[in-house]
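Notes for the one structure printed next.
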Amino acid sequence: MVDTAAPSATTASLPDHSVVPTVWSRITNLDVDRGEGSWLITRDGERYLDYSSGIGVTNTGHAHPRVAAAVAAQATKLLHGQQNILYHEAGLRLYERLPGLLPGGPWQAFLSNSGAEAVEAAVKLARAATGRPAILAFRYGYHGRTAQTMALTTAKDVYRAAFEPLPGSVYHTAYPYCYRAPGGPHALDACTCDWEAQLDLTFHQFIYPDRVAAVIIEPVLGEGGYIVPPPGFLPRLREITREHGILLIADEVQTGFGRTGEMFAVRHWDVEPDILVMAKGIASGLPLSGILARQDLMARWRPGTHGGTYGGNVVSCAAANATLDVIEDEGLVANARVRGAQFLAGLHALAGRYPSIGDVRGLGLMVAIELVKPVGGDGRMPDPDLTKRIQAEALARHLIVLTAGTYVNVMRIIPPLVTTAAEVDQALAILDDSLAAAGA
Ligand SMILES: Cc1ncc(COP(=O)(O)O)c(C=O)c1O
């Protein structure tokens, strides 16, 4: 029976925040009641422009009515339909639909729960399909917090340093980070980074290429600092991996589902991976992830060698199907391109006025500024304190933005793909005020 006298969610007192373990480092203490589009609304009725998108998840905005309706309808019919035991309509429709999102292939999908779990699946499949042991990852990369994915991750010490020993047969090589190239920053289309020579050295110093099962790469580095690669990098990496029979795994957990202005970021460079990892934006917030892999690789994965209780949860699949409908029907991939260009132009204008903005970069609605100390050294000394102050000033003005980067001196902005021109202008005005208030 419903107790109509019970206090509403917004008036009942909440437990103290100390019930939540501090291992969840956090950037706000907001008690949020609900979300609508680009906005979060606290229990006090305060509205915040959420340009974190829950770390790149709510591409369709918070609680999109079509996604919410699909979840509600599914939840009244079946909450759990275990994949080893049965087929369900929402899953079958999604398994049929996902391969069509990426040209080439032919592809088959595998569904799991989190980004890290999908990276684990990609690594297991690569090893099973090639019979080779080693995995090669890039410096500054981020792939998750499970043991295997920590071993792949070098974005920041905190993600791995306290957890040695980590799984072996993982090697790291240089990523072309053009702003931090030795000898000074250079333009992406004039890249002089020696990543290819470093890769060759890796093959000569650490591991034979014919022992490498896969190279894993984020097409645009996320946690490592929103680093966009130079145009020739991914196509050349694809050639090299093919020469050595190495599989290419594109980790599109953060870049996928329209975020960069293409459904998947590899499309910007016309590169076809062998395995693509997806999560975050796939289901608008419900836990779901997966991989797309070439069918011939999937066929080499012996039944029972991978799986899990909750993978491809039926409610999450219903949310994903509705999410894909919304992305298509509302033209969100195109909106990411247009609003992203608007944001980048605004940030470039701010960089002309604030010398602490060392670099402006991004692709689609994955945009960032790198904050530095412009005087002393080579003018690129990371300034994490300033970055933190700007983030706090923005929050005080009701804009939520995240940080990133090895030295935590990158302000990263991840708006939902439904965001409007007026909201982007509002965010830019808040950032302008916040930079000034923080002494940039
Ligand atoms: C590129 C990338 N890969 C993997 C992950 C891990 O995903 P999850 O946090 O869902 O495990 C993330 C999360 O931020 C990510 O950005």
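Note that the numbering runs from 1 along the sequence shown for the chain. All figures in this text were calculated on a predicted structure; none of them were measured in a lab.
Counting non-hydrogen atoms of neighbouring residues, nucleotides and ligands closer than 6.0 angstrom, the CG atom of Leu101 exceeds 12 such neighbours. Applying the 6.0 Å contact sphere to CZ of Arg66 captures more than 12 heavy atoms from other residues, nucleotides or ligands. More than 12 heavy-atom neighbours from other residues, nucleotides or ligands sit within 6.0 angstrom of NE2 on His17. Heavy-atom contacts from other residues, nucleotides or ligands closer than 6.0 Å to CZ of Arg300 number more than 12.
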- Message: For Thr60 and Thr323: C-alpha separation, side-chain torsions, deciding distance, then whether side-chain hydrogen bond (donor to acceptor under 3.5 Å, both in side chains) applies.
- Response: CA-CA 7 Å; Thr60 59; Thr323 297; 4.9 Å; no

- Task: Using the salt bridge (Lys or Arg N to Asp or Glu O under 4.0 Å) rule, take Arg160 and Asp157 through it: C-alpha gap first, then chi angles, then the decisive distance, then the call.
- Result: CA-CA 6 Å; Arg160 58 177 287 143; Asp157 51 6; over 6 Å; no

- Message: Please evaluate residues Arg353 and Asp432 with respect to the criterion salt bridge (Lys or Arg N to Asp or Glu O under 4.0 Å), reporting the C-alpha separation (whole Å), side-chain torsions for both, the decisive distance (0.1 Å), and the verdict.
- Response: CA-CA 9 Å; Arg353 294 180 25 235; Asp432 189 352; 2.9 Å; yes

- Item | side chain to side chain contact (heavy atoms under 4.5 Å, CB included) evaluation trace for Leu395 with Ile27 | CA-CA 9 Å; Leu395 184 63; Ile27 62 154; over 6 Å; no

- Criterion side-chain hydrogen bond (donor to acceptor under 3.5 Å, both in side chains) on Thr419 and Tyr51, from CA distance to verdict: CA-CA 9 Å; Thr419 202; Tyr51 273 14; 2.6 Å; yes

- Task: Kindly indicate, with the supporting measurements, whether the criterion side chain to side chain contact (heavy atoms under 4.5 Å, CB included) is fulfilled by Ile55 and Arg412.
- Result: CA-CA 10 Å; Ile55 321 187; Arg412 64 169 157 154; 4.2 Å; yes

- Query: Do Thr403 and Met411 pass the side chain to side chain contact (heavy atoms under 4.5 Å, CB included) test, and can you show the C-alpha distance, the side-chain angles, and the key distance before you say yes or no?
  - Reply: CA-CA 4 Å; Thr403 57; Met411 176 131 294; 4.2 Å; yes

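Exactly one residue among Tyr159, Tyr175, Tyr226 makes a ring-ring contact (aromatic ring centres under 6.0 Å, His included) with Tyr142. That residue is Tyr159. Of the options Asp200, Thr202, Asp194, a side chain to side chain donor-acceptor pair (under 3.5 Å) to Gln198 is made by Asp194 and by none of the others.
Note that the CD1 atom of Ile41 and the CZ atom of Arg34 stand 4.5 Å from one another [nearest 0.5 Å]. Between the CD1 atom in Ile216 and the NE2 atom in His172 there is a gap of 10.0 Å [rounded to 0.5 Å]. Note that the CG atom of Leu431 and the CD atom of Gln426 stand 11.0 Å from one another [nearest 0.5 Å]. A distance of 8.0 Å separates CD of Glu120 from CG of Leu152, quoted to the nearest 0.5 Å. Note that CG of Leu98 and CD1 of Ile291 are 11.5 Å apart. Values are rounded to the nearest 0.5 Å. To the nearest 0.5 Å, atom CG of residue Asp274 and atom CH2 of residue Trp107 are 6.5 Å apart.
If you check the side chains of Thr260 and His268, you find a donor sitting under 3.5 Å from an acceptor. Looking only at atom types and distance, the side chain of Asp44 has no donor-acceptor partner in the side chain of Thr42 under 3.5 Å away.
Counting all heavy atoms, side chain and backbone alike, Arg211 lies closest to Pro133 at O-CD, 3.2 Å. Residues Phe264 and Gly256 approach most closely at CD2-CA, 3.8 Å, considering heavy atoms. Heavy-atom minimum distance, Ala427 versus Leu399: O-CD2, 3.8 Å. Of all non-hydrogen atoms in Asn59 and Gly281, the two that sit nearest each other are ND2-CA, 3.9 Å. Heavy-atom minimum distance, Ala421 versus Gln342: O-NE2, 3.0 Å. The two atoms that bring Ala438 and Leu386 nearest to each other are O-CD1, 3.4 Å, heavy atoms only.
Judged by distance alone, the side chain of Arg259 and the main-chain N or O of Gly364 form no donor-acceptor pair under 3.5 Å. Of the possible polar contacts, one joining the Lys124 side chain to the Thr305 backbone as a donor-acceptor pair under 3.5 Å is found. Although no hydrogens or angles enter the test, the distance criterion places no donor-acceptor pair under 3.5 Å between the side chain of Asp251 and the main chain of His143. Side chain of Ser289 to main chain of Asn113: a donor-acceptor pair is present (N/O by atom type, distance under 3.5 Å, no hydrogens or angles).
Within the 4.5 Å cutoff, the side chain of Glu218 has no heavy atoms near those of the Thr255 side chain. Arg238 is not listed as a side-chain neighbour of Asp270, based on a closest heavy-atom distance of 4.5 Å or more. Between Pro99 and Gln108 the shortest side-chain heavy-atom distance does not fall below 4.5 Å. A heavy-atom distance below 4.5 Å is found between the side chains of Leu332 and Val418. You'll find the side chain of Val119 stays beyond 4.5 Å of the side chain of Ile249, heavy atoms only. Contact of the Cys178 side chain with the Cys193 side chain is registered, since non-hydrogen atoms from C-beta on lie closer than 4.5 Å. For the pair Pro415 and Val424, the minimum side-chain heavy-atom distance is 4.5 Å or more. The closest side-chain heavy-atom distance from Arg26 to Val20 is below 4.5 Å.
By the 4.0 Å N-to-carboxylate-O rule, Asp383 lies too far from Lys388 to be salt-bridged with it. Classification of Arg47 and Glu36 as a salt-bridged pair holds, one side-chain N sitting under 4.0 Å from a carboxylate O. Looking at Glu370 and Arg380, no side-chain N of the basic residue comes within less than 4.0 Å of a carboxylate O on the acidic one, giving no salt bridge. Ion pairing between Glu243 and Arg236 holds under the 4.0 Å rule for side-chain N and carboxylate O. Remark: Arg242 does not engage Glu239 in a salt bridge, criterion side-chain N to carboxylate O under 4.0 Å. Using a 4.0 Å cut-off between charged nitrogen and carboxylate oxygen, Glu393 and Arg397 count as a salt-bridge pair. Between Asp385 and Arg389 no salt bridge is recorded (no basic side-chain N to carboxylate O distance below 4.0 Å). Under a 4.0 Å N-O distance rule, the pair Arg97/Glu328 qualifies as a salt bridge.
Between Tyr171 and Phe206, the ring-plane angle classifies as tilted under the 30° and 60° cut-offs. Ring geometry for Phe110 versus His306: interplanar angle of 30 to 60°, hence tilted.
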